[in-house]
Novice: 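Right, I'll just put the structure down here and ask away after.
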Amino acid sequence: MNRKSEERVEVRFAAYVEGLAGVLGHADRIGPLRDYCTGLILPGERKSVEPMAAKTAPARTAAQHQSLLHFIGVATWSDENVLAKVREMVLPSMQRHGPIEAWIIDDTGFPKHGKHSVGVKVQYCGQLGKEANCQVAVSLSIANHSASLPVAYRLYLPKEWTKDKARRKKAGVPRDIRFKTKPEIALEQIRWACKAGLPRGVALIDAAYGVDSRLRTGMTALGVSYVVGIQPKLLVWPPGTGPKRRGRPLNNTGRRDEPDLISAKRLARDLPKDAWHTIQWREGSAEWLSSRFARVRVRVGHSQLKPELIAEEWLLIEWPADKPEPTKYWLSTLPSDIGLRELVDFAKLRWRIERDYLELKQEVGLGHFEGRGWRGFHHHATMCIAAYGFLVSERETISPSAPRRAAPFQTTALPEGYRPRGSPLAA
């Protein structure tokens, strides 16, 4: 990047920060906002407060450190207002090549040592692929085939935390925060998105959430179509059977003695060979991604609904030719006349959230927050999303096969020999 290009980027960044500053409430927060976002975008191994202070104010690092700590951990600016402003400024860039197509729900984990960081406990951590001591946050992103952006973000607070008054007080957990499961948080975010009037998209959710029948019925009640991952053991009525046709009420235990119900896996195995079609869905780093898919209209065995309310939906199955059995299953309330290729395309668009979290963690330091409080955790995430939003707005498209672009600001001014805490080089 030449000097003129850098200057143009810096002008756009200044305008972007000015837009965000308008919702902070106090003029003295504008400098810390600019410096925090700058620190997140600058290249560097750690994006916690100490190294960012050293980069953004090398001549007065101690004072800058305190300023950024106060801004992120103490100041009472609104995460919701800042995220709304980010969305307002970034959405036009995202829609330059097409409308919003999807609302993607997911969660991400942050490995932690100790027990004092808000919400930490031994639970499944996607980053590590196993149970570990960590924090977990649930997010909603809006997406199309060119870009995606998180628009809602909330820490999952385990039940033991919600009942521990001393820990809540020390971590600054707001009084109105009560225990909610991750699917309940997800439905709350989708309900908010509907109320806020976000451009509608198909809800894309993985199997950890898709198995929750209350989440699925809640989205349907809101008029939100979905493509959700499910487990192969989920029971369904195959075509030509179902509660309406049988004319019997569901039993109180939820349907397990209904003779026509079979698992999604068994249904997939019983499908004829001509039900399977090879579909390409997007260009990968080396070649087009493709696999074998089949779909069938089913009704899901449901203990939460009256039999007459159980509607047909798509069961989509992926069975790669080189695998001994199907590997993935989805349910979808998309229209009955949707094409198979389009249905697969929606199911596979969830890769966008993986790209989001990869860049949020690797490029802008989402997981580098070292504080322990509720406010600081969410303020840091909001600033990371704001910084990421600026990067998204700087790109016309984000292709999975495109080379990773350098950060817009290439120059830093770290003291010689400086090593941030948390860096393996500082050990």
Side-chain angles (χ1 to χ4, degrees), residues 40 44-51 72-73 104-141 150 152-164 166-168 170-173 177-186 189 205-212 215 229-231 327-328 350-385 388 420-427:
L40 292 172
E45 182 187 356
R46 292 290 297 175
K47 304 295 178 74
S48 53
V49 172
E50 184 184 10
I72 213 68
I104 308 177
I105 287 285
D106 205 0
D107 60 55
T108 189
F110 306 96
K112 290 289 180 179
H113 298 292
K115 60 181 182 180
H116 300 294
S117 295
V118 62
V120 72
K121 69 165 287 187
V122 175
Q123 55 191 322
Y124 181 77
C125 179
Q127 181 175 324
L128 301 177
K130 62 179 181 180
E131 288 204 347
N133 200 55
C134 68
Q135 298 165 300
V136 175
V138 180
S139 68
L140 168 64
S141 291
Y153 187 90
R154 212 204 91 169
L155 178 70
Y156 164 70
L157 199 65
K159 188 173 292 186
E160 52 265 45
W161 267 87
T162 62
K163 296 179 178 180
D164 192 328
R167 292 178 92 189
R168 286 179 64 113
K170 191 172 183 179
V173 178
I177 296 297
R178 298 291 180 262
F179 175 73
K180 289 183 178 174
T181 65
K182 294 168 193 172
E184 286 172 341
I185 295 172
Q189 292 176 338
I205 303 176
D206 70 13
Y209 290 80
V211 296
D212 192 295
L215 175 57
I230 59 167
Q231 298 295 336
T327 56
K328 292 183 180 178
R350 275 200 78 258
W351 73 271
R352 277 272 162 215
I353 196 69
E354 297 170 5
R355 178 70 170 258
D356 274 348
Y357 279 135
L358 180 66
E359 296 199 342
L360 279 163
K361 289 183 175 182
Q362 292 187 357
E363 301 297 328
V364 296
L366 180 63
H368 294 174
F369 179 63
E370 294 177 349
R372 294 174 173 176
W374 176 276
R375 180 176 293 159
F377 179 89
H378 289 92
H379 276 4
H380 175 75
T382 295
M383 287 295 99
C384 287
I385 293 169
Y388 183 61
R421 289 182 299 176
S423 166
L425 298 177

Novice: Do the side chains of Arg168 and Thr162 get nearer than 4.5 Å, heavy atoms only?
Specialist: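 Yes. Closest side-chain heavy atoms under 4.5 Å.
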Novice: Quick one: does Gln123's side chain have a donor or acceptor within less than 3.5 Å of a partner on Cys134's backbone?
Specialist: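 Between the backbone of Cys134 and the side chain of Gln123 there is a qualifying donor-acceptor contact (under 3.5 Å).
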Novice: Would you say the side-chain atoms of Gln135 pair up with the backbone N or O of Val118, donor to acceptor, closer than 3.5 Å?
Specialist: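 Confirmed, Gln135 side chain pairs with Val118 backbone.
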Novice: Is there side-chain contact between Ser139 and Tyr357, with at least one heavy-atom pair below 4.5 Å?
Specialist: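 Answer yes - side chains close enough.
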Novice: Report yes if the side chains of Lys182 and Ile105 come closer than 4.5 Å at any heavy-atom pair, otherwise no.
Specialist: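 Lys182 vs Ile105: side chains apart.
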Novice: Can you measure from CD1 (Ile205) to CG (Leu140) and round to the nearest 0.5 angstrom?
Specialist: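 Rounded to the nearest 0.5 Å, the CD1-CG separation comes to 9.0 Å.
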Novice: I want to check something: taking the side chain as every heavy atom from C-beta on, are Arg154 and His378 in contact at a cut-off of under 4.5 Å?
Specialist: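 Yes. Closest side-chain heavy atoms under 4.5 Å.
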Novice: Can you find a pair of side-chain heavy atoms, one from Leu360 and one from Pro150, that are under 4.5 Å apart?
Specialist: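 Yes - at least one pair of side-chain heavy atoms lies under 4.5 Å apart.
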Novice: Determine the minimum heavy-atom distance between Asp356 and Ser141, stating which atoms define it.
Specialist: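 Looking at all heavy atoms of both residues, the closest pair is OD2-OG, 3.3 Å.
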Novice: Got a second to check how far Phe179's CZ is from Ile185's CD1, nearest 0.5 Å?
Specialist: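 Answer for the CZ-CD1 pair, Phe179 versus Ile185, is 8.0 Å.
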Novice: Taking Lys47 for the side chain and Leu40 for the main chain, is one N or O donor matched with an acceptor at less than 3.5 Å?
Specialist: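 It does hold such a pair.
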Novice: If I take atom CZ from residue Arg178 and atom NZ from residue Lys159, how far apart are they, to the nearest 0.5 angstrom?
Specialist: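 Here the rounded value is 14.0 Å.
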Novice: Under a 4.5 Å cut-off applied to non-hydrogen side-chain atoms, are Gln127 and Lys361 in contact?
Specialist: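 Yes, side chains in contact.
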Novice: Test of understanding: with ring-ring contact (aromatic ring centres under 6.0 Å, His included), list the residues that count as partners of Trp161, not counting sequence neighbours.
Specialist: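 Trp161: no ring-ring contact (aromatic ring centres under 6.0 Å, His included) contacts found.
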Novice: Judged by atom type as modelled, is there a donor-acceptor pair below 3.5 Å linking the side chain of Gln189 to the main-chain atoms of Val138?
Specialist: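 Such a contact is found between Gln189 side chain and Val138 backbone.
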Novice: Give a yes or no on this: more than 12 heavy atoms of other residues, nucleotides or ligands lie within 6.0 Å of atom NZ of Lys328.
Specialist: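 Atom NZ in Lys328 is not crowded, with 12 or fewer foreign heavy atoms closer than 6.0 Å.
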Novice: Is there a side-chain contact between Phe110 and Val120 in this structure, where contact means two heavy atoms from C-beta onward sitting under 4.5 Å apart?
Specialist: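 They are not in contact (no side-chain heavy atoms under 4.5 Å apart), so the answer is no.
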Novice: In Å and rounded to the nearest 0.5 Å, what is the CG to CZ distance from Leu157 to Arg167?
Specialist: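 Here the interatomic distance stands at 9.0 Å.
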Novice: Should Glu363 and Tyr388 count as side-chain neighbours, where that means a heavy-atom distance under 4.5 Å?
Specialist: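 They are not in side-chain contact.
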Novice: How would you list all residue pairs meeting salt bridge (charged side-chain N to carboxylate O under 4.0 Å, His left out) that involve residues 106-128, not counting sequence neighbours?
Specialist: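 Of all non-adjacent pairs touching residues 106-128, those that pass salt bridge (charged side-chain N to carboxylate O under 4.0 Å, His left out) are Asp106-Arg350, Lys121-Glu160.
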Novice: Say whether, by atom type as modelled, one donor and one acceptor occur between the side chain of Arg372 and the main chain of Lys170 under 3.5 angstrom.
Specialist: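 The answer is no, because no donor-acceptor pair under 3.5 Å joins these two groups.
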Novice: Report the residues that fulfil ring-ring contact (aromatic ring centres under 6.0 Å, His included) with Phe369, sequence neighbours left out, ordered by chain and then residue number.
Specialist: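 By the ring-ring contact (aromatic ring centres under 6.0 Å, His included) rule, Phe369 matches His380.
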Novice: Quick check: closest heavy atoms across Gly172 and Trp374, and the distance to 0.1 Å?
Specialist: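 Where Gly172 meets Trp374 most closely, the heavy atoms are O-CB, 3.6 Å.
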Novice: Show the nearest heavy-atom pair for residues Asp212 and Leu215, with the distance to one decimal.
Specialist: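 Between these two residues, the closest heavy atoms are OD1-N, 3.0 Å.
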Novice: Between atom OG1 of Thr108 and atom CD of Glu354, what is the distance when rounded to the nearest 0.5 Å?
Specialist: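 Going from the OG1 atom of Thr108 to the CD atom of Glu354 covers 11.0 Å.
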